[in-house]
Amino acid sequence: MADDVKLVRTIGIIGQGGIGKTSLADAILFGAGAVNRLCRVDEGSSNFDVEPEEIRRQTTLSTSLFSFTWKKHDITLLDMPGYANFLPDTLNCMRACTGIVLALAPAGGELRVEAEKMWARAQELKLPVVAFVSRMDRERADFEAAVGDLRKILGAKPVLVQYPIGAAETFRGVVDLISMRAHIAQPDGTLNEEAIPAEISDEVAVAREQMVENAAEATDELTEQYLDSGTLTNEQVVQALREGTLANRFVPVLCGSAVKAIGMQPLLDGMIQYLASAADRGPIPGVDPKVKEPVERLPEPGDAFSGLVFKTIVDPFAGKLSLFRVLSGKVVADSTVLNVNKDGKERLGHLFKLAGKKQTQAPYAVAGEVIAVAKLKDTATGDTLADEKAPVLYPGFPQAPPAISFAVEPKSKGDDEKATQALARMIEEDPSLEMHRDPQTRELILSGVGQLHIEVVIERLKRKYGVDVELKAPKVPYKETIKGRAEAQGKLKKQTGGRGQYGDAWLKVEPLPRGTGFEFVDEIVGGVVPRQYIPAVEKGVREALVEGYLAGFPMVDVRVTLYDGSYHDVDSSEMAFKIAASLGFKAAVSKAKPILLEPIMSMEVSVPDESMGDVIGDLNSRRGKVLGVDSKAGGQVIRVQVPLSEVLKYSPDLRSMTSGRGSFTMAFTHYEELPAHLAERVIKETEAAKAAKA
């Protein structure tokens, strides 16, 4: 383990899905000698994609880690998901990184929105980035086009530090533009250092000159030296590139092939040379929880310990594993720390370094390192751990609202509670999930980033917890109300030879403003309905409200007035008046123009400029009311109100219309009348569903 913070690197590999990030991560381990064979995703042998769902889909679904050593540096490599459904995990875990390797496709025009979002997050966190053009052995590989995307689409300033030797089937190595030596792949997989091939010497000379020019811009002294002498030493170039990368002015670009393990050791060297340690990142801003004032912690072993929990892994057998990055100071095994968010103590037992599914005990960890600890009682993702004597609170993770929801129904009766408990544990592991029980429909609603996200959760629910469930579209929580006023008598009179049942209530119903709820008015005078029976009348009306009139949906925004009635000295009872009130209420409602109400959602839809017309047209077709459009960097934000029934599965449609660049937030705002032709359809569907259950 490293005691020197400067020898610690926590490197995240990012890039859009399908780009070969996990293959690159496996090749890096092989190049570093951390593993003795080159593992492959397509063979199911990856050191990173280890969950059965990942192996079957050949897709990274959750960030995984592997710690190893390279040239006396302790490196923790984070392989992070690239598909949109699992992007929240990536954006959260980037908080644990001190530097980033951006994997690029080996051709132009292939950068997708996921890569743009990750790049934006790296810029927000001011993380230094090295780009790696992988798969240079693939058909139609075009190194310069890939570098062009970095410049044109992401707005980065790429600086080539390597140049490929060949492309596609002719790719056989790279030229190091610092040493000006070629590294040629041999049949046994090793690289031989040779002279630069003559056929690319001119291109290499130009690339070298451009690299030195960029390096010279790092400081005024270097600029002056370059203008005077026309050159810089290799040491000066490396140092200048490092300073420019740490300051987010440059992105050094390397290249290779993960499948053939070409370029891995130069990439490892680049991760050390150009990317940051915690010491390079400087003081970490936080808040003193006692006085609510800003404070800073230093990424040095001598400062007080603090750390941020960036990921939680929950296993039904092994329990909970909390992963945190040490931000300041030093943490040792078998110590007690403070969970600042919960204001409670946590006992740290063994500390672990992760290498895929393997865990290695560590006696301590210093600033910059990522460490895992098992079975913390109350700690969740986003919590701050700190020295009890020097507490500090760091910002948690922003929670994006879910984009899609499904009703979850266990296939086995009696598994409802088991499913709820299991999903609650999975939410500990994946904060981008949300779950609630709809108070009206009583359905268990599971919400997430996208359909694939939810499907993977359901697969894991069955495998890990033995709960098999079905996904269904959630029922829309319609409500009922009235538009008119009416009066009616509700009368119950039963004589069965003995004490009978008698209750008589005259009720008036009228609408209330939308969102008011229910109001009961007692206008009885002269004791025509005795005082002791009036609460029973209100109870009967309230029970009838829950059942509705048109389609069994709750009735709202109604005032009910009890204004007359009669009673029997012997046969009247609370039950009789409750039943009479229910009958009278339904009779009055039938004459008061009952209607259905539908929930209306307030949405903000972010779209690129070129997609705005299509998206607005689509929202109009969904009965949406556009309230306004606001400009933002790179696009527009459409403010709109849309019926919930029209946007239950909006996420995939928006993705299709915007080529994955659109996003939206949604929140309930109010209820509005459902158009008559749609109300008729809902009523028929409800009646059919009731008949099917009967």
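Side chains are part of it too, since the values below use all heavy atoms of this structure and drop only hydrogens, waters and symmetry mates.
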>> Evaluate Glu443 against Lys472 for side chain to side chain contact (heavy atoms under 4.5 Å, CB included), listing each step before the verdict.
In response: CA-CA 10 Å; Glu443 290 181 314; Lys472 298 182 177 180; 5.6 Å; no
> How about Asp383 and Val340: do any of their side-chain heavy atoms sit closer than 4.5 Å?
Replying inline: no
> Given Arg681, which of His677, Lys684, Glu685 fulfils the side-chain contact (heavy atoms from CB on, under 4.5 Å) condition?
Replying inline: Glu685
>> For Thr59 and Glu54: C-alpha separation, side-chain torsions, deciding distance, then whether side chain to side chain donor-acceptor pair (under 3.5 Å) applies.
In response: CA-CA 5 Å; Thr59 299; Glu54 293 179 313; over 6 Å; no
> Just by modelled atom types, is the Leu512 backbone N or O under 3.5 Å from a matching donor or acceptor in the Asp557 side chain?
Replying inline: no
> Would you find a donor on one side and an acceptor on the other, under 3.5 Å apart, between the side chain of Lys591 and the backbone of Ala588?
Replying inline: no
>> Checking Tyr549 against Met555 for the side chain to side chain contact (heavy atoms under 4.5 Å, CB included) test, could you report, in this order, the C-alpha distance in whole Å, the side-chain angles of both residues, the deciding distance, and whether it holds?
In response: CA-CA 8 Å; Tyr549 175 78; Met555 186 161 284; 4.1 Å; yes
> With a 3.5 Å cut-off and no angle check, do the side chains of Lys479 and Gln440 form a donor-acceptor pair?
Replying inline: yes
> Could you go step by step and tell me if Asp415 and Val469 meet the side chain to side chain contact (heavy atoms under 4.5 Å, CB included) rule?
Replying inline: CA-CA 9 Å; Asp415 270 358; Val469 301; over 6 Å; no
>> Using 30° and 60° as the class boundaries, would you call the ring planes of Tyr563 and Trp506 parallel, tilted or perpendicular?
In response: tilted
> With side chains defined as the heavy atoms from C-beta onward, is the minimum distance between Glu646 and Ser621 less than 4.5 Å?
Replying inline: no
> Can any side-chain N or O of Gln641 pair as donor or acceptor with the backbone N or O of Leu627 at less than 3.5 Å?
Replying inline: no
> Counting N and O atoms only, with roles assigned by atom type, does the side chain of Ser656 sit under 3.5 Å from a partner on the main chain of Pro652, one being a donor and the other an acceptor?
Replying inline: no
> Once you round to the nearest 0.5 Å, how far does OG of Ser651 lie from CG of Leu452?
Replying inline: 11.0 Å
> Going through the distances and angles, do Lys311 and Ser62 end up as a side chain to side chain donor-acceptor pair (under 3.5 Å)?
Replying inline: CA-CA 10 Å; Lys311 188 171 179 65; Ser62 181; 2.7 Å; yes
> Rounded to the nearest 0.5 Å, how far apart are CZ of Phe585 and CG of Leu507?
Replying inline: 9.0 Å
> Would you say Leu648 and Val476 make side-chain contact, with heavy atoms under 4.5 Å?
Replying inline: yes
>> Please check: side-chain N/O of Ser582 versus main-chain N/O of Ile579, any donor-acceptor pairing under 3.5 Å?
In response: no
> Got a second to check how far Arg514's CZ is from Glu672's CD, nearest 0.5 Å?
Replying inline: 8.5 Å
>> Quick check: do Val546 and Pro554 have side-chain heavy atoms less than 4.5 Å from each other?
In response: no
> Does Glu480 reach the main-chain N or O of Leu550 with its side chain, forming a donor-acceptor pair under 3.5 Å?
Replying inline: yes
> What about Phe668 and Tyr671, are their ring centers closer than 6.0 Å?
Replying inline: yes
>> If you compare all heavy atoms of Val373 against all heavy atoms of Gly349, which two are closest, and at what distance to 0.1 Å?
In response: CG2-N, 4.0 Å
> Is any side-chain heavy atom of Thr60 less than 4.5 Å from a side-chain heavy atom of Met80?
Replying inline: no
> Which distance, rounded to the nearest 0.5 Å, do you find between the CD of Glu346 and the OG of Ser322?
Replying inline: 7.5 Å
> When rounded to the nearest 0.5 angstrom, what distance separates CZ in Arg460 from CE in Met426?
Replying inline: 6.5 Å
> Can you find a pair of side-chain heavy atoms, one from Tyr83 and one from Val449, that are under 4.5 Å apart?
Replying inline: no
>> Looking at Thr379, is its backbone amide N or carbonyl O close enough to the side chain of Lys342 to form a donor-acceptor pair, meaning the two atoms are under 3.5 Å apart?
In response: no
>> Are Val629 and Ile616 packed together at the side-chain level, in the sense that at least one heavy-atom pair is separated by less than 4.5 angstrom?
In response: yes
> What distance do Glu459 atom CD and Glu53 atom CD have between them, rounded to the nearest 0.5 Å?
Replying inline: 5.5 Å
Show the atom names and distances, to 0.1 Å, of all donor-acceptor pairs under 3.5 Å that link a side chain in residues 524-535 to residues at least two apart or in another chain.
from	atom 1	to	atom 2	distance (Å)
Arg531	NH1	Asp522	OD2	2.7
Arg531	NH2	Asp522	OD2	3.4
Tyr533	OH	Ser572	O	3.3

>> Can you confirm whether more than 12 heavy atoms, excluding those of Lys483, are under 6.0 Å from its NZ atom?
In response: no
>> Could you walk me through whether Asp416 and Arg442 satisfy the salt bridge (charged side-chain N to carboxylate O under 4.0 Å, His left out) test, starting with their C-alpha distance in whole Å, then the side-chain angles of each, then the deciding distance to 0.1 Å, before giving a yes or no?
In response: CA-CA 12 Å; Asp416 198 66; Arg442 303 306 302 156; over 6 Å; no
> Does the side chain to side chain contact (heavy atoms under 4.5 Å, CB included) test come out yes or no for Lys539 and Glu574, once each step is laid out?
Replying inline: CA-CA 10 Å; Lys539 187 175 182 181; Glu574 289 185 0; over 6 Å; no
>> For residues 386-403, which residue pairs pass the salt bridge (Lys or Arg N to Asp or Glu O under 4.0 Å) check, not counting sequence neighbours?
In response: Lys345-Glu388
